[in-house]
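No hydrogens, no waters, no symmetry mates; every other heavy atom, side chains included, goes into these values. Both ligands and their constituent atoms are indexed starting at 1 by order of listing.
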Amino acid sequence: MQAKELPIGVFDSGAGGVSVLAQAKICLPHEKFIYYGDSANAPYGTKSEDEIRDLSLACGDFLFRQGVKMIVIACNTATSITVQAMREKYNIPIISIEPAVKPAVEKYPDGKIAVLATPATLHQKRYFHLLSKLNAAKQVVNIECGSLAELVERGNLSDPHIKAYLYEKLLPYRGQNFGGVVVGCTHYSFVSSQIRDVARKICGGSCEIFDGMYGTARHIAEVLAEEALLSGSPEEGDVTFFSSGEMGHVDVFKRFFQNFLK
Ligand code: DGL
């Protein structure tokens, strides 16, 4: 089979990366995708760097063995720690995601921006570099949401614990008037309207949501085009889901994926 007809591999600690997958599928309907969620080891965001690196490389190995033409790290936490090691290990394009701080500060250069992400993402050198490159450290408020990915991972997006958790996390920022709110973890994309509503109510401001999945999906398409790896198939591509955990997780991935495409 020609390399361009091989599937694209996408992984995350669990269900979060399904948001990136769905966005990529919208942009690239003829591509085939393999999604791998490391549900047995989720969440990553509260683990050590070494643990996150080892787990992410195991996800990369799984996808590489499936014969993918590209690996997408659909996890902000894994990106910051693993992207370099993956680029050295595999001879295929590696695409990563990072919190969408850039579009947020471009749109609100004089406003305050809230960044919600895992503790691991917010403590990475890569994230500090991003803020300093954008000269954004002063206007950005970092909000660690260690348990939010786990709540989303349970699969019930209307679980009242999610809203209660958001209230608890945002209450210290009452009246801060955020121009933008960056969802810096792919799990949070599934609850971004709840995040926006709670942030508007407590913090005030327009609280416009900025999500890295859009830029990542565009980047996947650009790199495939540059590397002459775009599928030439006229047919709609399929999506295959795998989880390192129980089968129930695959059902959650499929449900989240279908809901996202609606
Ligand atoms: N979805 C991941 C991210 O984008 C990780 C969440 C977690 O496992 O803690 O950061």
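Side-chain contact check for Ile73 versus Val83: some heavy-atom pair is nearer than 4.5 Å.
Both Ile97 and Val223 belong to a common hydrophobic cluster when Ile, Leu, Val, Met, Phe, Trp and Tyr are linked at side-chain heavy-atom distances under 4.5 angstrom.
Ser19 places a side-chain N or O within donor-acceptor distance of the main-chain N or O of Gly16, the cut-off being under 3.5 Å.
The protein residues lying under 4.0 angstrom from ligand 1, judged by non-hydrogen atoms, are Asp12, Ser13, Pro43, Tyr44, Gly45, Cys75, Asn76, Thr77, Thr118, Ala149, Cys185, Thr186, His187.
Aromatic pair Tyr36/Phe242: centroids not less than 6.0 angstrom apart.
Among the candidates Phe190, Phe241, Tyr35, the single residue satisfying the ring pair (Phe, Tyr, Trp, His ring centres under 6.0 Å) test with Phe257 is Phe241. Among His30, Gln2, Glu5, Lys32, the one residue that satisfies the side chain to side chain donor-acceptor pair (under 3.5 Å) test with Ser231 is Glu5.
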